[in-house]
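Each chain gets a letter, A, B and so on, in the order the sequences are listed, and its residues count up from 1. Here the structure is a predicted model, which means the values were calculated and not measured.
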2 protein chains.
Amino acid sequence: MNGGDGSREPRRAPAGARTRAFEEVLDRIEERIAADGLTVGDRLPGERQLAEQLQVSRSSVREALRALATLGVVSSQVGRGPDAGAVLTSRPDTALTDLLRLNLGLSTLSMREVVDTRLMIEQWAAGRAARDGGAALGEMARAVDAMDAAATPEEFVAHDIAFHMALAAASGNRLTSAIMRALRDAVRRYAIDAVLRLGDTAGLQADHRRIHAAVRDGDADAAIAAVADHLARAYPG
Amino acid sequence: MNGGDGSREPRRAPAGARTRAFEEVLDRIEERIAADGLTVGDRLPGERQLAEQLQVSRSSVREALRALATLGVVSSQVGRGPDAGAVLTSRPDTALTDLLRLNLGLSTLSMREVVDTRLMIEQWAAGRAARDGGAALGEMARAVDAMDAAATPEEFVAHDIAFHMALAAASGNRLTSAIMRALRDAVRRYAIDAVLRLGDTAGLQADHRRIHAAVRDGDADAAIAAVADHLARAYPG
DNA sequence: GCCGGGTGTATGGTCAGACCATATTTGGTC
DNA sequence: GACCAAATATGGTCTGACCATACACCCGGC
């Protein structure tokens, strides 16, 4: 409001007020989400309306919404109707994937750290799945069959991801599942290279069957060990 | 280029071209990072220059940069000189913290899931620290002393975070450390409430000392158990 | 009364051009 | 050489416009 043409006012806030306009918008929106108890599916006011309410330009509102979209909490639809506008969503996976992929691209995270983190999560999930009864057994078995039928490394990796995601999902923890998916998606190309390097997938499939059997038999220790062996084979350190 | 006033052209790309302009910018920047081998500290071209190079408006460039800033990979500085402009950084912690905090606000992640994830990471880190020799012992001890001296719950929690961060950092894995920090920051308020609820911090401090001792003695199993007991006390389920 | 199509309109997406605040660089002055 | 003022480059913001999209509404035909 005090930029651009006019600005007859001397200064709006002579002291403090270090936050940029779009950050103010960000805070206000977050505030409103908490105060009004908004949740997934609820709509935010339109960009023009928000701009007027918060007394900032539409550009600043858009930058704030862009940040929220990047974090996976809003999704914008054009057009009209109940589904149009900025709708609250929750896609931590997408956001996490982007975050990991870009930080890997900057070489600030090493592949070893990513694989180690994956090992941590999968061992934890495998132990839980073995103890809590394998709700994911069916899906895991289907993924193994699909990997047998896969014609290309890309296809194999796609079903491999499904297998490990089923295992992670069995933990019942959406946060670890989201991290797991982000890790897998971020290193998908690396996984394809690993399959090509190994030459054949018999060993990997044997590992998968061993993991599946351990979870089915409720043997947590065996499941954990099988996961460790599997990752050591796929990503030798 | 084809919006706004003019647009004498019928249509630039009648088929395909579903991506929004700022996404195109996003891809190009990521591409350039990979192609030119850019890394932390390197500068991106200015917003105006990028806009001209990519043939889009400065607004679109700004939205793309805002997204990258949200993911923690660029940081913008105003002014002039070698440090001004969009500089590549790497702050996965900040981005992760925002991501978790906002998704918690939307109630799509439960506190239990966050605490369970934290337990997973801390047990893993404690085991590693105990085995690999405790490089973090000094910092952990200092944090315990600082917690003894803390006058307010806020202060106590701040040093508590330092304690647990030191433990996580001992794993040598920056990714798990970043996740750990994000988890702690995202639930900071909740932690303060927990301290207030417990009334006194003697039990928590006893746990901290027990964890420290186990790491010092190289007893991984004891360290893991101590972490589990500590979190169970702080966040009863 | 019901249905189909045309029009209205609200929405996000984009563009262009301007001005502001900030911080360095540059050049002049003592 | 030291110091100060002007030039300049940068991100940050604002304004106002137009475009493409997709639902909402109304109106005529049946």
Could you give the CD-to-C1' distance, from Glu63(B) to dT13(D), as a whole number of Å? 14 Å
Looking just at side-chain N and O atoms, do Ser110(A) and Glu113(A) make a donor-acceptor pair shorter than 3.5 Å? yes
Do the non-hydrogen side-chain atoms of Arg32(A) and Pro45(A) ever get within less than 4.5 Å of each other? yes
Would you mind reading off the distance between Glu24(A) atom CD and dT13(D) atom P, rounded to a whole angstrom? 11 Å
Using whole Å, what does the distance between atom P of nucleotide dT14(C) and atom CZ of Arg66(A) come to? 7 Å
Counting the benzene-type ring for Trp, do His164(A) and His159(A) have ring centres under 6.0 Å apart? no
Any N/O donor-acceptor pair, Arg58(A) side-chain to dG16(D) base, under 3.5 Å: no
Is any side-chain nitrogen or oxygen of Arg62(A) closer than 4.0 Å to OP1 or OP2 of dG13(C)? yes
In residues 41-48 of chain B, which residues come under 4.0 Å of DNA chain D by heavy atom? Gly46(B), Glu47(B), Arg48(B)
Thinking salt bridges, do Arg101(B) and Asp185(B) make one under a 4.0 Å N-O criterion? no
Roughly how many Å is it from CG in Leu65(A) to P in dG12(C), rounded to a whole number? 8 Å
Using a heavy-atom cut-off of 4.0 Å across all strands, would you classify Gly81(A) as base, sugar-phosphate, or nothing? sugar-phosphate
Decide yes or no for Leu167(A) and Glu122(A): does some side-chain heavy atom of the first lie under 4.5 Å from some side-chain heavy atom of the second? yes
Between CZ of Arg80(A) and P of dA22(D) the distance, given in whole Å, is 14 Å
Interatomic distance, Gln77(B) CD vs dG12(D) C1' [rounded to whole Å]: 13 Å
Judged by atom type as modelled, is there a donor-acceptor pair below 3.5 Å linking the side chain of Arg174(B) to the main-chain atoms of Thr108(A)? yes
For Ser59(A), report the nucleic acid contact type (base, sugar-phosphate, nothing); a contact means any heavy atom under 4.0 Å. base
Taking atom C1' of dA21(C) as reference, at what distance in whole Å does atom CZ of Arg20(A) sit? 13 Å
Distance-minimising heavy-atom pair for Leu183(B) and Leu100(B): CD2-CD1, 3.4 Å
Tell me the interatomic distance from Glu52(A), atom CD, to dC14(D), atom P, rounded to whole angstroms. 14 Å
Please compare Pro82(A) and Val78(A) by the position of their nearest nucleotide in DNA chain D and report the one closer to 5'. Val78(A)
Between Ser76(B) and dT10(D), is there a side-chain N or O to OP1/OP2 distance below 4.0 Å? no
